[in-house]
Structure formats: C-alpha cells, structure tokens
Number of protein chains: 2
Amino acid sequence: MASRRHNRYGEGREALLAATVSVVAERGLHGLTFRAVSEVAQVNNTLISHHFGTKEALLHEAVAWATTRAIRLSELSAAEEIDESFAAALVELIAREPHLQLFQYEFVLESRRRPELREEAVALYEGYIDALERSLVRKGHTNTKALARAVFAALDGLVLQQLTVTDADSVREAVICIGALLDANLHADRQPA
Amino acid sequence: MASRRHNRYGEGREALLAATVSVVAERGLHGLTFRAVSEVAQVNNTLISHHFGTKEALLHEAVAWATTRAIRLSELSAAEEIDESFAAALVELIAREPHLQLFQYEFVLESRRRPELREEAVALYEGYIDALERSLVRKGHTNTKALARAVFAALDGLVLQQLTVTDADSVREAVICIGALLDANLHADRQPA
DNA sequence: CGTCAAACTATGCAGGTGCTTAGTTATTTG
DNA sequence: CAAATAACTAAGCACCTGCATAGTTTGACG
C-alpha cells in the first residue's frame, strides 16, 4: 500500500503511527497488535515498545496524530452552505479516505472505556461542532449551539452509514436534505407562523 | 449483575448470548473472549464451542439475538412526534440501557470487515429508517426516504454522542431541535417562499 | 576519524487465546 | 426403570500476545 521497502532511519515512529490508524480502520481495535502494526510499518515490533512503551500509549499517540490530520472534515463542517456540492465533496472524501473516519469511530467508542482518551474525544467532537456553529451563526440561525450539535450528529451518522450499510448516493441525497431543512428553518424564523 | 449463582440446565445458551452483548458493550470487541463471556454467563468456556462452534458464530448469533431485542428504540423511531417528551424518553432510554446501543455500534463497524454480518446490519438500519419514514409520510412530509435517512442519522449520531462525549441535557436539546427543523420544513412546504 | 545517543533489530518468555478431546451430568423418551 | 440425547465441565494444547532483555546500526558532532 505505502512504499514497498523499509523506511529510512528516523522515520519509524511516524510509520508506526500511520500504520496504527490503518490497522485499526481495517481490522478494528481487536486487530491492533504489535505484530500487525509493525508489519504494515515495515519495522520490528519491538520498536513500538521503544517509541511508545505500551500498546495503550501507542493508541493514545495515534489518536493525537490522527486528529491533527482530520482537519479536512473540519473544514468541510465549516463550509458556508450545505448544498449539492458540499454533499458531493463529503461523500467523495469518505469514499476516498475512509481510514481516518473509521479510526475515529473506533476511538470514540474506546474513549468510553478508557478515561484517558475521553478528553481528546470530547475535544475532537466539540471542535467539529464549534466550527459548524460559527457557520450557522453567520447565516443568521438561532439556538445555534443545539442546532449545530444536531446537524453535526446527522452528518456524523450519515458518514457512519456510508462506511457500513448505505450506498454513497443515498447518503448524498440525505445530506442535501439536511441543507434543505436548514433553509426551511431560516425562512420560518423570519416569517413565524 | 444478573442472578448471582449458576443457570439452570438448558439456560446456558441464552445466558451466553446475553453475556456476549454485555461483554462487547463494556469491553469492546477486543474484550470479547471465551473466558470473559463464560465468566459473565457463569458457565464453562467450552460451552461456547458446544453451542456455537466458533467465536465468529457466537457474535453472529448474538447480533440476531440483540436486534430482535432492540425493538424499543424502533418503536421510539416510529413515534408520532419528535417533541420534548420524545427527546426525554430517548435520552433516558440510552442512559438506562446503554448496552444494546453500544453493542450495535461495535457490530455495525465490524460488519464492514465481515461480509456475513453486512446483511443483518443493513436490515437493522433500514428497519429503523423505514419505521421513521412511515411516520414522516403520515405527517405529510415530502422526499420522505432521504428525509428519514437524515433524521435517523441525526438521532443515531446523537445517541453515539450521549454514549461517549456529550451530556444527556445537550443531547436532549439537540433532539428537540430536530423536531423543530421538521416542523419548519412542513410549514415551508405548505407556504413556499 | 572516534564518541555517543538514539533508532532499530533478534531472541525469547510468561501469560492469554480459541478450540479440541474426553468425560460427566441432567432431561427426555420408551 | 433403562436407554438415548443433549447440556455441560475438566484438562490441556498449539498458537499468539505484549513486552523485556540484550545487542546492533545509524547519524550527529567534535
């Protein structure tokens, strides 16, 4: 998948973090083993102990590494309009790079069981929701905090659906539907019944 | 947690299925081991092999067992109105019995990796969405298929949030927000701009 | 070059894993 | 009651796990 031969001296740590995300995305947290990660990263499995100490620490660092790299979806969430082009872009992003999203779902479920991951999970979600809320404020919506949480949940749920049980086109239609709901809500605010 | 002492003759299989859901919900799929399940179920671990053969088969049967028992949320999804009382009931259900929901998130992620689980995952989600769509049709909405998918995704995403990163009150507000969006959408349909 | 710290690997082990084999108990059935 | 069947358990094995230990290679710097 990545470069065929070994990494250069000093690149092992980065390769291990990237491999961790890939392994969790493809095989789940129960497929996350020293051997699996080290084989994908093309290094010896004891290098994980050297760099991170324990498996828990590896996951923790991989979470930090992945969330800084998950900016593209955050940018998407802050888009000015949830319209056809937004829906197409979101669906295409998920189809092209599902790993980061899959990793995040695994990680957020794990954060319920491991208190030391909670803080980063909360920060990740609140980051998305805050960006979305700012966009809603700009467009003149009211009750933006709860609205942003609801809209993000809808996008989050649809991404999960696309990754697991639903085809891309259905998801795209549903995303457009969310945009339509927001428009209707804006007009209702301006012309209350 | 359950009854303190052993099961009666013939109840082992059911106990194992219930224990599987609990173990996956509390420790994740990587915590799903023969020993963990059998200890929770208060039986010998080889009874799993006897009844189900392999660990894969155990999970598969547990999925079927759990989905038939997840009707309560399905009934909720088919509620006539998404209002304050619906929001309160949903939030309270998740807080009181998080196991079934957590199990479903683990299972739907796993279904991406295990083709034999896909069909049941799709059926579960489509069941929820269809029930919701019927309710939307009754209320006079249009484009109900995509709308139902979007609204279910929002509820699904909010349940995930409540289970992991968000407090119950914030989720409740957001659920009410979804109801408000639907109302605004209905009125916009009747009085287009 | 020589020194040194950090990156990296080879080997191996104690404990946990899924699951097999062989045997025991309880329940049904004639 | 006796025979048959299914539920259940005890013991154990081959394999995999995280990770410790000990050693080697690499690049930076004087």
Side-chain angles (χ1 to χ4, degrees), chain A residues 2-63 65 106-107 110 113-114 116-117, chain B residues 2-63 65 106-107 110 113-114 116-117:
Chain A
S3 59
R4 188 141 304 153
R5 274 242 52 80
H6 299 266
N7 313 282
R8 281 182 248 153
Y9 192 86
E11 293 179 353
R13 193 189 151 95
E14 184 88 1
L16 282 169
L17 291 171
T20 299
V21 172
S22 287
V23 167
V24 170
E26 284 172 15
R27 317 184 201 180
L29 275 170
H30 55 301
L32 181 68
T33 70
F34 278 33
R35 265 84 171 175
V37 171
S38 63
E39 276 163 27
V40 169
Q42 303 248 50
V43 297
N44 189 276
N45 76 78
T46 57
L47 191 60
I48 298 175
S49 298
H50 172 67
H51 278 304
F52 307 102
T54 68
K55 188 174 153 179
E56 289 190 10
L58 168 67
L59 180 60
H60 198 106
E61 300 246 16
V63 164
W65 184 87
E106 295 281 350
F107 144 62
E110 184 73 1
R113 298 166 214 129
R114 308 240 305 254
E116 76 271 19
L117 295 179
Chain B
S3 61
R4 189 139 306 154
R5 274 244 50 83
H6 299 266
N7 313 284
R8 279 179 249 154
Y9 193 87
E11 294 179 353
R13 191 187 152 95
E14 183 88 1
L16 282 169
L17 291 172
T20 299
V21 173
S22 287
V23 167
V24 170
E26 285 173 14
R27 316 182 203 181
L29 275 170
H30 55 299
L32 181 68
T33 69
F34 278 32
R35 267 84 173 178
V37 170
S38 62
E39 276 163 26
V40 170
Q42 302 249 50
V43 298
N44 189 278
N45 76 79
T46 59
L47 192 60
I48 299 173
S49 297
H50 172 67
H51 279 305
F52 307 101
T54 68
K55 190 175 152 180
E56 289 190 11
L58 168 66
L59 181 59
H60 198 106
E61 299 247 16
V63 164
W65 184 87
E106 296 280 347
F107 143 62
E110 184 73 0
R113 298 167 214 128
R114 308 238 307 252
E116 76 270 20
L117 295 179

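Note on naming: letters A, B, ... go to the chains in the order of the sequence lines (proteins, then strands), and numbering restarts at 1 for each one. None of the values given here were measured: they were computed from a predicted structure.
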**OP:** Determine the minimum heavy-atom distance between B:G31 and B:A36, stating which atoms define it.
**Re:** O-CB, 3.7 Å

Original post:
Residues from residues 47-60 of chain A sitting under 4.0 Å of DNA chain D, heavy atoms only?
Top reply: A:S49, A:T54, A:K55

Below 3.5 Å is the cut-off: list the nitrogen or oxygen pairs between protein and nucleotides 25-30 of chain D, distance only.
| residue | atom | partner | partner atom | Å |
| --- | --- | --- | --- | --- |
| D:dT26 | O2 | A:Y9 | OH | 3.0 |

**OP:** Apply the side-chain contact (heavy atoms from CB on, under 4.5 Å) test between A:V43 and each candidate in A:N7, A:V37, A:I48; give the one that qualifies.
**Re:** A:N7

**OP:** Please tell me if the side chains of A:E39 and A:R35 come closer than 4.5 Å, counting only heavy atoms from C-beta onward.
**Re:** yes

Original post:
Is any side-chain heavy atom of A:L59 less than 4.5 Å from a side-chain heavy atom of A:R114?
Top reply: yes

**OP:** Among B:E106, B:E110, B:R27, B:K55, find the one that has a side-chain contact (heavy atoms from CB on, under 4.5 Å) with B:L32.
**Re:** B:K55

Original post:
Whole-Å distance between D:dA7 P and B:R13 CZ?
Top reply: 9 Å

Subject >> Interatomic distance, A:Q42 CD vs C:dT9 C1' [rounded to whole Å] >> reply: 14 Å

Subject >> Closest to side chain of B:T33, choosing from C:dG18, C:dC19, D:dC19 >> reply: C:dG18

**OP:** Return the value, rounded to whole Å, for the distance between atom CG of B:L16 and atom P of D:dA7.
**Re:** 12 Å

Provide a list of protein-nucleic acid N or O atom pairs under 3.5 angstrom, restricted to nucleotides 13-15 of chain C.
none

Subject >> Gap between atom CZ of A:R13 and atom NE2 of A:H50 - 0.5 Å precision >> reply: 9.5 Å

Original post:
Side chains of B:L16 and B:F52: closer than 4.5 Å at any heavy-atom pair?
Top reply: yes

Original post:
Roughly how far apart are B:T33 OG1 and A:H30 NE2, rounded to 0.5 Å?
Top reply: 12.5 Å

Original post:
Does a nitrogen or oxygen in the side chain of B:N44 sit under 4.0 Å from OP1 or OP2 of D:dA10?
Top reply: yes

Subject >> Side-chain heavy-atom pair A:H51, A:E61 within 4.5 angstrom cut-off >> reply: no

Original post:
Measuring from A:S38:OG to A:L47:CG, what's the distance to the nearest 0.5 Å?
Top reply: 9.0 Å

Original post:
How long is the line joining CG of B:N45 and C1' of D:dT9, in whole Å?
Top reply: 10 Å

Original post:
When the distance from NE2 of A:H30 to C1' of C:dG16 is rounded to whole Å, what number comes out?
Top reply: 17 Å

Original post:
To the nearest angstrom, how far is A:N7 atom CG from C:dT9 atom C1'?
Top reply: 14 Å

**OP:** Round to the nearest Å and state the distance from B:H6 atom NE2 to C:dT24 atom P.
**Re:** 20 Å

